[in-house]
Structures are given as structure tokens and as C-alpha cells.
Amino acid sequence: MKQKQVSFLYSIYSNRESLSSDDQTLLEEARLATEMAYAPYSKFKVGAAIRTDDGQITIGSNQENGAFPIGQCAERVALYRLAHEHGRKPIDTIAIVVDNENQLTPASPCGSCRQILNEYRSFQEQPMRLLLAVAEGGEVFEINDVKDLLPFAFDGSFLGQ
Ligand code: THU
């Protein structure tokens with residue numbers, strides 16, 4: 001019998017000012033995206049901003065529906081928008097910002113979004129970094145690679161891709 005352990009390190013910045021100006025800009029784009037969220041049911045507004053390797057930024061926000069399960073998360077809206085408009089450009093960093101009065105620490109992507117992020121990650125050789133924050137102040141979490149959030153993932157390699 002052998003065993004394997006999976007763990008990962010992530011970084012916690014006490015404020016945005018500790019980050020590069022490019023990262024602060026990306027967080028601000030994600031915060032601005034929360035203003036376009038349609039979240040009348042959860043009141044949990046989320047904005048995502050994706051920066052590709054060439055410095056382009058694509059944003060998205062969560063879009064809910066009275067039929068709850070068909071609502072879309074912010075990350076997915078931004079990712080699909082990027083894929084549709086620009087194809088599979090390598091992604092450097094995705095900032096995800098939550099605007100909700102009860103959410104004082106950054107929130108992390110749901111399980112379905114992790115699966116979807118991982119799919120796009122598998123197209124590129126390089127890590128896909130995440131920055132997680134709340135809209136006003138607070139800590140920023142930096143995850144070096146979305147792969148870290150979905151260990152032992154099911155992906156296209158099982159289907160011969
Ligand atoms: N949500 C996102 O858009 N992204 C996340 O990372 C977590 C959750 C949305 C889905 C739903 O509209 C609301 O937040 C509450 O779950």
C-alpha cells in the first residue's frame with residue numbers, strides 16, 4: 001500500500017497595495033464588474049476579470065435566474081466571453097471579487113467553476129493564477145494555479161485528449 005498527500009500553498013496579502021499595479025488594476029476591473037451582476041436572489045454580487053498573457057482584460061459578473069440552477073457564475077461568464085471573443089489565449093491571472101455585506105473574506109470558486117477553470121487551464125502550459133478579494137478593503141488571497149483547487153481532477157486526458 002502506498003499513500004499520496006495533496007496540499008498546496010497560497011498567499012494572503014493584507015491589502016491590495018501590497019500587489020503590483022497590474023494586479024490592483026485587475027482587482028478594480030473585477031470590482032467594477034460586480035456592478036453589472038444580476039443577483040436579486042442571493043444578493044451575492046461577484047465580478048471576475050481575466051488578464052491574458054498579452055495584457056488584455058475581459059470581465060464578467062454572475063447572472064442569476066428565478067430557476068436557480070441555471071444562473072451563471074461570474075468566472076464562467078468572463079471565461080466564455082473571452083473564449084468566444086478571442087479564442088484560447090493563455091490566461092495569466094483571474095481576479096474574483098465579491099460584493100456582499102456579509103462576506104468579509106474572499107470567496108473561492110464553486111466546484112463547477114473549478115472544473116471549468118481546469119478545462120481552460122489544460123489548454124495552456126503555464127499556471128493560471130487567481131486573486132480573490134472582497135469589494136472594499138480586506139485581504140487578498142493569491143492562488144498560484146487554479147489546478148491547486150481541483151486535485152485529482154477529471155479532465156480530457158481520460159477521454160484521450
Ligand atoms: N458565485 C459566483 O459567481 N462565483 C463564485 O465564485 C461563487 C458564487 C455566484 C453564484 C450565485 O449567483 C451567487 O454567487 C451565490 O452563490
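Hydrogens, waters and symmetry mates play no part in the numbers below; they use all other heavy atoms, side chains included. Keep in mind it's a predicted model, so treat the numbers as computed, not measured. Counting starts at 1 for both ligands and their atoms, in listed order.
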If you look only at pairs with a residue in [range], which of them pass as a salt bridge (charged side-chain N to carboxylate O under 4.0 Å, His left out), with sequence neighbours excluded?
range	answer
residues 7-23	D23-R51, D23-R129
residues 29-40	E28-R31, R31-E35
residues 109-122	R121-D145

Report yes if some heavy atom in the side chain of P40 is under 4.5 Å from a heavy atom in the side chain of E64; otherwise report no.
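Yes. Closest side-chain heavy atoms under 4.5 Å.
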
With a 4.5 Å limit on heavy-atom distance, are the side chains of L32 and I59 in contact?
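The answer is no; the side chains never approach within 4.5 Å.
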
Can you pull every nitrogen or oxygen pair between ligand 1 and the protein closer than 3.5 angstrom?
unit_1   : atom_1 : unit_2 : atom_2 : d
ligand 1 : 3 (O)  : A74    : N      : 2.9
ligand 1 : 4 (N)  : E75    : OE1    : 2.9
ligand 1 : 4 (N)  : E75    : OE2    : 3.4
ligand 1 : 6 (O)  : E75    : OE2    : 2.5
ligand 1 : 12 (O) : N62    : ND2    : 2.9
ligand 1 : 12 (O) : E64    : OE2    : 2.6

What orientation do Y41 and Y38 show, parallel under 30°, tilted 30 to 60°, or perpendicular over 60°?
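If you compare the ring of Y41 with that of Y38, the planes turn out perpendicular.
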
